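Single-structure report; data block below.
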2 protein chains.
Amino acid sequence: MAAAARPRRSAATRAAILAAARDRFAADGYERATIRAIARDAGIDPSMVMRYYGNKAGLFAAASEIEVHAPDLTHVPRDEAAARLVRHFLERWECDETLTAMMRVGVTNEAGAERMRGVFAEQIEPVLAAVCPVPEEAPTRAALVASQILGMALCRYVLHVPPAVGLTHDEVVAWLAPTIQRYLTAEHP
Amino acid sequence: MAAAARPRRSAATRAAILAAARDRFAADGYERATIRAIARDAGIDPSMVMRYYGNKAGLFAAASEIEVHAPDLTHVPRDEAAARLVRHFLERWECDETLTAMMRVGVTNEAGAERMRGVFAEQIEPVLAAVCPVPEEAPTRAALVASQILGMALCRYVLHVPPAVGLTHDEVVAWLAPTIQRYLTAEHP
DNA sequence: GTCTATAATTCGATAGAC
DNA sequence: GTCTATCGAATTATAGAC
């Protein structure tokens, strides 16, 4: 018991804070998610949040690190790329509420919007550019793809529009994939 | 000087409050748009807002009365309906910031989300149902249409994703209309 | 490393004078 | 009909004890 005698729980505490922050930001958005509530959820004192993350903005920045993990489409048959993409985002969205948090904050907070633009530019655009016939059209095509995928996520996971919620994964894929496919590879209209 | 002697400015004040509220809700969302700031913009005292609208929720309810004015599609050639719809919403969105306010609030506030679902059910669904071949498919098709239109509005007017902002009206219509047209009338996949 | 206590703001809402 | 004054509650953030 020389070195690790006293349990240093800082790592665990940090993780608990982050998890609670993601929950709260996802559920309430930036303004209504209070440090106090996050600390209560994490079972620690509000001042610990400040100690570890400086301030509320810093906490959000840490809690909203997004890894979209967009699938590599270069080795997918061209006519299956869109379906693969749609299914990926459905599953991604449903297993990680950070995406909902990012949406909630991105809509009401300029820093959040900037973060979403960053995710788009660094994680979405490059993946789609890899399968885009004309490179200089990639940003536009990626924005179109994003508009449809984010729009479905908005209706389904944030606004809870009943007919959008009621669709199965297969139905969403069947409806959206042809759209995405066209945005990806169809001739510029 | 019997009846209307003293200038009763209540109507003008009410209108000024509403206009300022729409601005603030659109710019800041529900939580950050304060009654004090709205009153300052309107050039009156904060207590007037309370007097006229009871509380903040009442003010938002009044400020977010939405009339989408979706065009009647029953007399439009079937293959032009989608383009008409897309162009209508582009123009509508750019001339009335209430729509942006509704989006900002709908994403972070349950009352706002309920209002958006109401607009969808009462103003969007019926218009699309009128041109939907199979009536019972109307809600699903309307939700798909909404997902694409709201998604583009989100990227373009709220998140300001550069490639989405850079598109002209004609380009947006050219890209989105075939999508909407398929959601409206194509055979259920 | 954790918590108590509190400073400094800011907000929604109310009471009442004019 | 409009404004002044203010209450009570909630927030972020800090200082410091243990």
Side-chain angles (χ1 to χ4, degrees), chain A residues 1-21 23-25 27-64 104-105 108-112, chain B residues 1-25 27-64 101 104-105 108-112:
Chain A
M1 280 195 189
R6 183 149 146 284
R8 307 175 131 254
R9 301 215 0 265
S10 78
T13 299
R14 288 186 72 104
I17 292 173
L18 266 197
D23 282 2
R24 283 287 176 179
F25 283 130
D28 299 336
Y30 187 83
E31 323 297 338
R32 260 179 20 214
T34 67
I35 290 184
R36 290 164 136 85
I38 290 167
R40 197 181 325 127
D41 290 354
I44 50 94
D45 191 88
S47 62
M48 297 302 298
V49 178
M50 307 302 295
R51 178 177 178 86
Y52 285 131
Y53 297 100
N55 54 32
K56 189 175 177 179
L59 173 61
F60 172 70
S64 63
R104 281 225 159 83
V105 177
T108 44
N109 188 280
E110 176 50 29
Chain B
M1 279 200 190
R6 182 149 145 282
R8 306 173 134 255
R9 299 212 4 262
S10 78
T13 299
R14 289 185 72 104
I17 293 173
L18 267 196
R22 273 192 261 267
D23 283 1
R24 283 287 176 178
F25 283 129
D28 299 336
Y30 186 82
E31 324 294 339
R32 258 179 23 215
T34 66
I35 289 184
R36 290 164 138 87
I38 291 168
R40 197 180 327 126
D41 290 354
I44 49 95
D45 192 87
S47 62
M48 297 301 299
V49 178
M50 308 301 296
R51 177 175 178 84
Y52 284 131
Y53 296 98
N55 54 31
K56 190 176 176 178
L59 173 62
F60 171 70
S64 63
R104 282 224 159 84
V105 177
T108 45
N109 186 280
E110 175 51 28

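Convention: sequence-line order gives letters A, B, ...; per-chain numbering from 1. Quick caveat, the model's predicted, so the values are computed rather than measured.
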Could you please name the option among [options] that lies closest to any side-chain atom of [X]?
X     : options               : value
B:N55 : C:dA13, D:dC3, D:dT2  : C:dA13
B:K56 : C:dC3, C:dG12, D:dT11 : C:dG12
A:I35 : D:dA13, C:dC11, D:dG1 : D:dA13
B:S10 : D:dC3, D:dG1, C:dG1   : D:dG1
A:R51 : C:dT2, D:dA13, C:dC3  : C:dT2

Nucleotide [N], atom [atom2] - distance to [atom1] of [X] in whole Å:
X     : N      : atom1 : atom2 : result
B:I17 : D:dT2  : CD1   : P     : 8 Å
A:E31 : C:dT10 : CD    : C1'   : 13 Å
B:I44 : D:dT4  : CD1   : P     : 11 Å
A:M50 : C:dC3  : CE    : P     : 16 Å
B:R36 : D:dT6  : CZ    : P     : 14 Å
A:I38 : D:dT11 : CD1   : P     : 11 Å
A:R14 : C:dT2  : CZ    : P     : 11 Å
B:M48 : C:dA13 : CE    : P     : 16 Å

Next item on the list: Return the angle between end axes of the helix from C:dG1-D:dC18 to C:dC18-D:dG1, with five pairs used per end and rounding to 10°.
Entry: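 The end axes of the helix from C:dG1-D:dC18 to C:dC18-D:dG1 are about 0° apart, to the nearest 10°.
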
Next item on the list: Mind listing the closest non-hydrogen atom pair of A:A33 and A:F25 along with its distance?
Entry: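 Scanning both residues completely, I find the closest heavy atoms to be CB-CD2, 3.7 Å.
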
Notebook entry, point to check: Between B:D45 and B:A39, what is the shortest heavy-atom contact and its length?
Noted result: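 The pair with the smallest heavy-atom distance is C-CB, 3.8 Å.
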
Next item on the list: Indicate, with a heavy-atom threshold strictly under 4.0 Å, whether B:S47 touches base, sugar-phosphate, or nothing.
Entry: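 Result for B:S47 = base.
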
Margin query: Within the 4.5 Å heavy-atom criterion, are B:L59 and B:N55 side-chain neighbours or not?
Written below: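 Result no, sub-4.5 Å side-chain heavy-atom pair not found.
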
Note to self: Using side-chain heavy atoms (C-beta onward) and a distance below 4.5 Å, is A:D28 in contact with B:T108?
What the structure shows: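 Heavy-atom side-chain distance check fails, nothing below 4.5 Å.
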
Notebook entry, point to check: Do the side chain of B:R24 and the main chain of B:I38 share a donor and acceptor less than 3.5 angstrom apart?
Noted result: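 Looks like no, no N/O pair under 3.5 Å.
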
Next item on the list: Look only at the side chain of A:K56 and the backbone of A:Y30, and say whether a donor-acceptor pair between them is shorter than 3.5 Å.
Entry: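 Here the side-chain-to-backbone pair exists.
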
Note to self: At less than 4.0 Å, is any side-chain N or O atom of A:Y52 found next to OP1 or OP2 of C:dG1? Yes or no.
What the structure shows: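 For C:dG1, OP1/OP2 do not have a side-chain N/O of A:Y52 under 4.0 Å.
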
Notebook entry, point to check: From B:I17 CD1 over to B:R22 CZ, what is the distance, rounded to the nearest 0.5 angstrom?
Noted result: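 Going from CD1 on B:I17 over to CZ on B:R22, the span is 12.0 Å.
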
